[in-house]
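Here's the structure, in structure tokens; my notes come after.
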Amino acid sequence: MASSPDLATLKLDDFASHLDADFEMQTTGGVLPLKLVKADPTGAGGREGAAFSLLFTAPAGTSLSQAIYPVTHPALGVMEIFLVPIGPLQGGSGYQAIFA
């Protein structure tokens, strides 16, 4: 598994190549599977490489509050990401992360 990346250096392209890939979110109740379903630019932002948004789905019926969660991917490593629940999506419960 990759080491933990510096979130400030991550760019949209780092995630775009992992669309439909499986991720894992560590919660107080255990590990929750996530799937990256969308990775979109969101404007210039204050970061090098511009701002972007990630959209994940978790199993239907999942209901977690917005918080910083450790999210793991085999190639990207473990990332502490602020995830916000956005409600039901096709195939599950949606969670969004914005890198600005």
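Listed by first then second residue, pairs satisfying side-chain hydrogen bond (donor to acceptor under 3.5 Å, both in side chains) with a partner in residues 49-60 read Ser53-Gln96, not counting sequence neighbours.
Contact check for Phe15 versus Leu10: side-chain heavy atoms found under the 4.5 Å cut-off. With a 4.5 Å cut-off on side-chain heavy atoms, His18 and Leu76 count as touching.
The salt bridge (charged side-chain N to carboxylate O under 4.0 Å, His left out) search around Lys35 returns Asp22, not counting sequence neighbours. Residues forming a ring pair (Phe, Tyr, Trp, His ring centres under 6.0 Å) with Phe56 (at least two apart in sequence, or on another chain): Phe23. Residues passing the side chain to side chain contact (heavy atoms under 4.5 Å, CB included) test with Pro70, sequence neighbours excluded: Gln26, Val78, Glu80. By the ring pair (Phe, Tyr, Trp, His ring centres under 6.0 Å) test, Tyr69 pairs with no residue at all, sequence neighbours left out.
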Taking distance alone, no hydrogens or angles, what donor-acceptor pairs closer than 3.5 Å link side-chain atoms of residues 58-67 to residues at least two apart or in another chain?
unit_1	atom_1	unit_2	atom_2	d
Thr62	OG1	Pro59	O	2.5

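Ala50 and Gly43 make their closest contact through CB-O, 3.3 Å (heavy atoms, listed as atom of the first residue, atom of the second, distance). Taking every heavy atom of both residues into account, Leu55 and Leu36 meet most closely at O-CD1, 3.5 Å.
Of the candidates Thr42, Leu7, Asp14, Leu7 is the only one forming a side-chain contact (heavy atoms from CB on, under 4.5 Å) with Phe99.
With rounding to the nearest 0.5 Å, the separation of CG in Leu54 from CG in Leu83 is 8.5 Å. Met79 CE to Asp6 CG: the interatomic distance, rounded to the nearest 0.5 Å, is 12.5 Å.
Ile98 and Leu19 are not part of a single hydrophobic cluster, where members link through side-chain heavy atoms under 4.5 Å apart. Residues Val71 and Leu89 do not share a hydrophobic cluster, defined by chaining ILVMFWY side chains whose heavy atoms lie under 4.5 Å apart.
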